[in-house]
Amino acid sequence: MVALIGRDLLSLADLSPQELQELLQLATQLKSQQLKLHCNQVLGLLFSKASTRTRVSFTVAMYQLGGQVIDLNPNVTQVSRGEPLQDTARVLDRYLDVLAIRTFAQQDLATFASYAKIPVINALTDLEHPCQILADLLTIQECFGNIQGLTLSYFGDGNNVANSLMLGCALAGVNVRIATPPGYEPDAGIVEQARAIAGDQSEVLLTDDPELAAKGSAVLYTDVWASMGQETEADNRLPIFQPYQISSQLLSLAEPEAIVLHCLPAHRGEEITEAVLEGSQSRVWQQAENRLHAQKALLASILGAE
């Protein structure tokens, strides 16, 4: 078991390289049913943003561990009426064993964690999406075995997924290339943090050249061009981001055995073509399934499941 009992996961940078590898190993064992763990505890889901994969995978993971889940929709709690975060945090701390939060500001997540004694998990903020990247790394490991030294290339907006990919790849010893239009680069502070973690073990490269990023890469990865809360910008972004679409032409520049990932939901014909998403090199559905197994491993580790 990973030594994460009682700890928060607000960022992938909260993990050490060894802890990340142990989490991925545990997820593999749980997925193959080589190992079965149980915890009779309660997970709260406090989601201010829409969710399919995160909500369902966390719920199923907790049920499979023998626990229970409470969906704390902000619209039917006092959060929607302006109750201070620190008050809500201190109350939920007395009811729940662990809390997963999906919200906008990373600072709101940090506030909850500072006032609640129970573990708090980042189920997505505008800054990071660590649970997604746990599933991504699990998928890459399943496809390639030893992932250290591989190159992953991300195309599109320098958003929360790009931020967490840099941190996760740095921890795993994977080279990461982030290809974005000028002005849409990932968070500068996280770039610096990822490069510090990577040291001389791997590379964190930023570029505005999608072809350069794709050449020789083992993994091509993309996300929507306008994230939740940016819908009004979507039409204006289309011509800016078009050169960063993962198409068959871009995929042909990668390694012959390269795989394609997308965290979903996908806008077919925008950030990825239908042919690539449904093609033989796509591992998108395997990636989506692995949200369940990666998060089950995370919950089991944090709660000390036996």
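Counting from 1, the numbers follow the sequence of the chain as shown. All values below were derived from every heavy atom in this structure, side-chain atoms included, with hydrogens, water molecules and symmetry-related copies excluded.
When atom types are taken as modelled, the side chain of N122 and the backbone of S11 share no donor-acceptor pair closer than 3.5 angstrom. A donor-acceptor pair under 3.5 Å is absent between the side-chain atoms of R53 and the main chain of E289, judged by distance alone. Within the 3.5 Å criterion, the main-chain N or O of E128 finds no donor-acceptor partner in the side chain of N163. Although no hydrogens or angles enter the test, the distance criterion places no donor-acceptor pair under 3.5 Å between the side chain of E270 and the main chain of R268. D93 places no side-chain N or O within donor-acceptor distance of the main-chain N or O of A89, the cut-off being under 3.5 Å. Remark: side-chain polar atoms of S282 are not paired, donor with acceptor, to backbone N or O of E278 under 3.5 angstrom. In this structure, the side chain of T139 engages the main chain of A135 through a donor-acceptor pair within 3.5 Å. In this structure, the side chain of R195 does not engage the main chain of V191 through any donor-acceptor pair within 3.5 Å. The closest donor-acceptor contact from the side chain of R177 to the backbone of S153 lies at 3.5 Å or more, if one exists at all.
Residues L165 and L152 form a side-chain contact, since some pair of their non-hydrogen atoms from C-beta on lies under 4.5 Å apart. L167 is listed as a side-chain neighbour of I190, based on a closest heavy-atom distance under 4.5 Å. For the pair L96/L72, a side-chain contact is recorded, criterion being any heavy-atom separation below 4.5 Å from C-beta on. Looking at heavy atoms from C-beta onward, I5 lies out of side-chain contact with I302 at the 4.5 angstrom threshold. Contact annotation: the side chain of F112 never approaches that of Q107 to less than 4.5 Å [non-hydrogen atoms, C-beta and beyond]. The side-chain heavy atoms of F144 and I259, taken from C-beta on, include a pair separated by under 4.5 Å. Residues T59 and Y63 have side chains in contact (heavy-atom distance under 4.5 Å, counting atoms from C-beta outward).
Hydrophobic clustering of Ile, Leu, Val, Met, Phe, Trp and Tyr side chains at less than 4.5 Å, counting indirect connections, unites M166 with L24. Follow the hydrophobic side-chain contacts under 4.5 Å out from V219 and you never reach L251; the two are in separate clusters. In terms of hydrophobic clustering, with Ile, Leu, Val, Met, Phe, Trp and Tyr side chains grouped at heavy-atom distances under 4.5 Å, L298 and I133 are assigned to a common cluster. Y95 and L85 end up in the same hydrophobic cluster when Ile, Leu, Val, Met, Phe, Trp and Tyr side chains are linked at under 4.5 Å. Note on L10: it does not cluster hydrophobically with V161, by side-chain heavy-atom contacts below 4.5 Å among ILVMFWY residues.
Ring to ring, Y184 and F241 are close: their centroids are under 6.0 angstrom apart.
Side-chain polar atoms of R102 and T54 form a donor-acceptor pair below 3.5 angstrom. Donor-acceptor pairing under 3.5 Å is recorded for the side chains of Q18 and E22. Donor-acceptor pairing under 3.5 Å is recorded for the side chains of E142 and Q286. Residues N175 and S202 have side chains that never bring a donor and an acceptor to within less than 3.5 angstrom of each other. For the 3.5 Å distance criterion, the side chains of E271 and H262 qualify, holding a donor opposite an acceptor. Judged by distance alone, the side chains of Q106 and D126 never bring a donor and an acceptor atom under 3.5 Å apart.
How far CZ of R291 is from SG of C263: 8.5 Å, rounded to the nearest 0.5 Å.
No option in D208, T222, D209 other than D208 meets the side-chain contact (heavy atoms from CB on, under 4.5 Å) test with Y244.
In summary, E19 and R7 engage in a salt bridge, as defined by a charged side-chain N under 4.0 Å from a carboxylate O.
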